[in-house]
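To start, the structure itself, in structure tokens.
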Amino acid sequence: MDIRIHTTVLPHDDPEAALTFYRDVLGFEVRKDVGQGKMRWITVGPVGQPDTSLLLAPPALDPGITDAERRTVTEMMAKGTYGWILLATEDLDGTFEKVRAHDAEIVQEPTEQPYGIRDCAFRDPAGNQIRVQELR
């Protein structure tokens with residue numbers, strides 16, 4: 001069986017802020033941008049990795065979701081507990097400094113973890129937690 005991770009989804013509540021962060025701060029390329037206003041689905045991905053994408057999507061659009069559930073999703077996004085992703089780089093310190101220079105909310109500076117990895121964490125404009133591990 002040949003199964004790959006093709007696309008994963010993170011919510012956004014401000015498409016322009018999400019686009020700026022993933023394109024200009026993390027250096028991802030924009031692959032698709034459909035919709036209008038706050039109802040935009042933006043597909044981005046790492047340069048040189050065309051088979052791996054991240055879909056930035058408006059949250060809680062399913063018609064089966066209640067208003068109370070939508071509020072819960074919004075509250076969880078604001079706390080950074082709704083969506084998260086784990087990335088990796090060979091230049092953790094450089095990546096961290098670039099993110100910090102763009103005033104992203106820092107959750108954890110580069111740290112050697114007791115389980116054998118070095119990583120850092122920050123939040124994107126929607127509150128999604130992004131952890132970046134150092135490749136060794």
Side-chain angles (χ1 to χ4, degrees):
M1 187 179 318
D2 181 18
I3 297 177
R4 303 167 193 216
I5 295 174
H6 179 265
T7 305
T8 191
V9 180
L10 283 178
H12 75 73
D13 52 6
D14 181 338
E16 286 304 319
L19 183 60
T20 297
F21 182 80
Y22 285 93
R23 181 192 59 210
D24 300 343
V25 178
L26 294 185
F28 284 9
E29 62 186 9
V30 179
R31 303 207 173 127
K32 289 184 184 175
D33 186 346
V34 299
Q36 58 187 354
K38 287 198 174 251
M39 301 303 285
R40 284 170 61 191
W41 288 258
I42 304 165
T43 305
V44 297
V47 174
Q49 297 180 45
D51 295 334
T52 303
S53 295
L54 176 60
L55 174 60
L56 305 169
L61 292 180
D62 187 310
I65 294 177
T66 67
D67 288 341
E69 290 167 331
R70 281 187 185 84
R71 280 191 301 277
T72 299
V73 168
T74 301
E75 290 168 1
M76 291 177 70
M77 285 174 61
K79 291 185 347 185
T81 58
Y82 186 70
W84 64 279
I85 191 167
L86 180 57
L87 304 175
T89 182
E90 292 178 356
D91 182 13
L92 183 66
D93 294 316
T95 299
F96 178 78
E97 289 306 323
K98 184 173 183 181
V99 169
R100 182 183 4 222
H102 282 86
D103 294 327
E105 180 184 348
I106 303 301
V107 175
Q108 182 181 56
E109 294 194 11
T111 303
E112 188 71 38
Q113 301 293 355
Y115 40 89
I117 64 164
R118 186 168 179 262
D119 70 353
C120 67
F122 46 88
R123 292 190 184 165
D124 75 3
N128 299 305
Q129 187 172 159
I130 301 171
R131 293 199 73 84
V132 182
Q133 291 183 352
E134 183 174 58
L135 293 173
R136 297 182 183 179

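If you read the sequence from its start, that first residue is 1, and numbering goes on from there. Quick note: numbers below take in every heavy atom, side chains included, and nothing from hydrogens, waters or symmetry partners.
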Taking a hydrophobic cluster as the set of Ile, Leu, Val, Met, Phe, Trp and Tyr residues connected by side-chain heavy atoms closer than 4.5 Å, whether directly or through intermediates, do [X] and [Y] fall within one such cluster?
{"X": "Leu135", "Y": "Leu92", "result": "no"}
{"X": "Phe96", "Y": "Val25", "result": "yes"}
{"X": "Val9", "Y": "Met39", "result": "yes"}
{"X": "Val34", "Y": "Leu55", "result": "yes"}
{"X": "Val99", "Y": "Val107", "result": "no"}

For a quick test of reading the model, state the closest non-hydrogen atom pair linking [X] to [Y] and the distance between them.
{"X": "Pro59", "Y": "Val73", "answer": "CB-CG1, 3.9 Å"}
{"X": "Asp119", "Y": "Gln108", "answer": "OD1-OE1, 3.5 Å"}
{"X": "Val47", "Y": "Gly27", "answer": "CG2-O, 3.6 Å"}
{"X": "Glu109", "Y": "Cys120", "answer": "C-CB, 3.9 Å"}

Could you give the distance from [atom1] ([X]) to [atom2] ([Y]), rounded to the nearest 0.5 Å?
{"X": "Arg123", "Y": "Met77", "atom1": "CZ", "atom2": "CE", "answer": "12.0 Å"}
{"X": "Leu54", "Y": "Ile85", "atom1": "CG", "atom2": "CD1", "answer": "4.5 Å"}
{"X": "Thr20", "Y": "Leu26", "atom1": "OG1", "atom2": "CG", "answer": "11.5 Å"}
{"X": "Thr81", "Y": "Met76", "atom1": "OG1", "atom2": "CE", "answer": "4.0 Å"}
{"X": "Asp124", "Y": "Ile130", "atom1": "CG", "atom2": "CD1", "answer": "4.5 Å"}
{"X": "Ile117", "Y": "Thr111", "atom1": "CD1", "atom2": "OG1", "answer": "10.0 Å"}

Any side-chain heavy atom of [X] sitting closer than 4.5 Å to one from [Y]?
{"X": "Pro58", "Y": "His12", "answer": "yes"}
{"X": "Pro125", "Y": "Asp14", "answer": "no"}
{"X": "Val132", "Y": "Phe122", "answer": "yes"}
{"X": "Pro110", "Y": "Glu134", "answer": "no"}
{"X": "Leu87", "Y": "Phe28", "answer": "yes"}

Working for side chain to side chain contact (heavy atoms under 4.5 Å, CB included), residues Arg23 and Val44: CA-CA 8 Å; Arg23 181 192 59 210; Val44 297; 5.8 Å; no
Qualifying residue, where the test is salt bridge (Lys or Arg N to Asp or Glu O under 4.0 Å) with Asp93 and the options are Lys98, Arg100, Arg118: Arg118
More than 12 heavy atoms from other groups under 6.0 Å of CD on Glu112: yes
Gln113 atom CD, over 12 foreign heavy atoms within 6.0 Å: yes
Worked verdict on Leu61 versus Trp41 for side chain to side chain contact (heavy atoms under 4.5 Å, CB included): CA-CA 12 Å; Leu61 292 180; Trp41 288 258; 3.3 Å; yes
Working for side chain to side chain contact (heavy atoms under 4.5 Å, CB included), residues Asn128 and Trp84: CA-CA 5 Å; Asn128 299 305; Trp84 64 279; 5.8 Å; no
Partner residues of Arg40 under the side-chain contact (heavy atoms from CB on, under 4.5 Å) criterion, sequence neighbours left out: Pro15, Glu16, Leu19, Asp33, Ile42
Worked check of side chain to side chain contact (heavy atoms under 4.5 Å, CB included) between Asp67 and Arg71: CA-CA 6 Å; Asp67 288 341; Arg71 280 191 301 277; 3.8 Å; yes
